[in-house]
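A short worksheet on the structure shown next.
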There are 2 protein chains.
Amino acid sequence: MTPQRYAILQYLMESHDHPTADEIYRALSPQYPSLSVATVYNNLKVFIDAGLVREHTYGDDSSRFDADLSDHYHAICTKCGTMVDFEHPPIKDVEEAATASTGFSVFGHRMEVYGLCPTCKTMHA
Amino acid sequence: MTPQRYAILQYLMESHDHPTADEIYRALSPQYPSLSVATVYNNLKVFIDAGLVREHTYGDDSSRFDADLSDHYHAICTKCGTMVDFEHPPIKDVEEAATASTGFSVFGHRMEVYGLCPTCKTMHA
DNA sequence: CTTTTTGCAAATCCTTTGCATCTTT
DNA sequence: AAAGATGCAAAGGATTTGCAAAAAG
């Protein structure tokens, strides 16, 4: 556990805004001037493999990383890319429906809603 | 509506396996030897803007394109990337829950289940 | 000292773009 | 000629990788 590694994980745990790899890099650059983007990616992969962090992709945009492992879904702003958490009981019946009709061994699902965040909604008017 | 454009759209409508841009390119190359990948992407964008085709991304993999506009969800194989359709009533309550708790103007959602397709499931054993 | 991690640059993959060519009108 | 579509090759962005130097244990 190097200082860089610790800083990246801590940043992820403290920030609730699902940063991209580059945002993490830029946020930590001041404290760790020699930090490289590759190291950020390396460590993100380590965390993901360790099950500490989840990666989310939306369209062509950069992946966003989330250290909040609790069961929750995301609302994504299609204008600025912001991801906001929201609570909702896990949708279990879709997994059963999929298993029944596709023959897959289903072990998970992903659900997210799209819309305009309060800020972009206002600017949109 | 050029021959290339028509061929791409027709291929998408006839194939139910959600091909990637490259798969479309390779499938049509024999009939259109001069076809270029750029043209495939160009036309896919035209179709998407026209609302004839939908684009789906999963992780870092290539986008997959779907000309089936009916309401349906997808099961994705995490091993080989295959996407299979399945039917399920639209999940409307999550959009309401998200609107209520985030303040977003929600206009849609995305849901997909992950697992192993029958083929990969067998090989996995 | 042995292994892991870092940091840089180059490489890779997917997708887009610039531009000249070719249609089609 | 004007407008749009094509095809090539080069550019672009996000992520990964090779490898040498540095740090950790």
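Every chain is numbered from 1, with letters handed out A, B, ... down the list of sequences.
The ring-ring contact (aromatic ring centres under 6.0 Å, His included) test applied to A:Tyr114 returns A:Tyr58, not counting sequence neighbours. Here B:Thr39 pairs with B:Ser36 under the side-chain hydrogen bond (donor to acceptor under 3.5 Å, both in side chains) rule; sequence neighbours left out. Applying the side-chain contact (heavy atoms from CB on, under 4.5 Å) rule to B:Ala75 yields the partners A:Thr102, A:Phe104, B:Phe86, B:Val113; only residues at least two apart in sequence or on another chain are considered. Every ring-ring contact (aromatic ring centres under 6.0 Å, His included) that A:His72 has, sequence neighbours left out, goes to A:His74.
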TODO: Using a 4.0 Å heavy-atom cut-off, write out nucleotides 7-25 of chain D from 5' to 3' as B (base contacted by protein), S (sugar-phosphate only) or - (no contact).
DONE: BB-----SSBB--------
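Taking atom CG on B:Asn43 and atom P on D:dA5, their separation rounds to 8 Å, with Å as the unit. If you take CD1 of B:Ile24 and P of D:dT6, they are 14 Å apart, rounded to a whole angstrom. A straight line from CG of A:Leu9 to P of C:dT5 spans 14 Å, rounded to a whole angstrom.
If you chain together ILVMFWY residues whose side-chain heavy atoms come under 4.5 Å of each other, A:Met1 ends up grouped with A:Tyr6.
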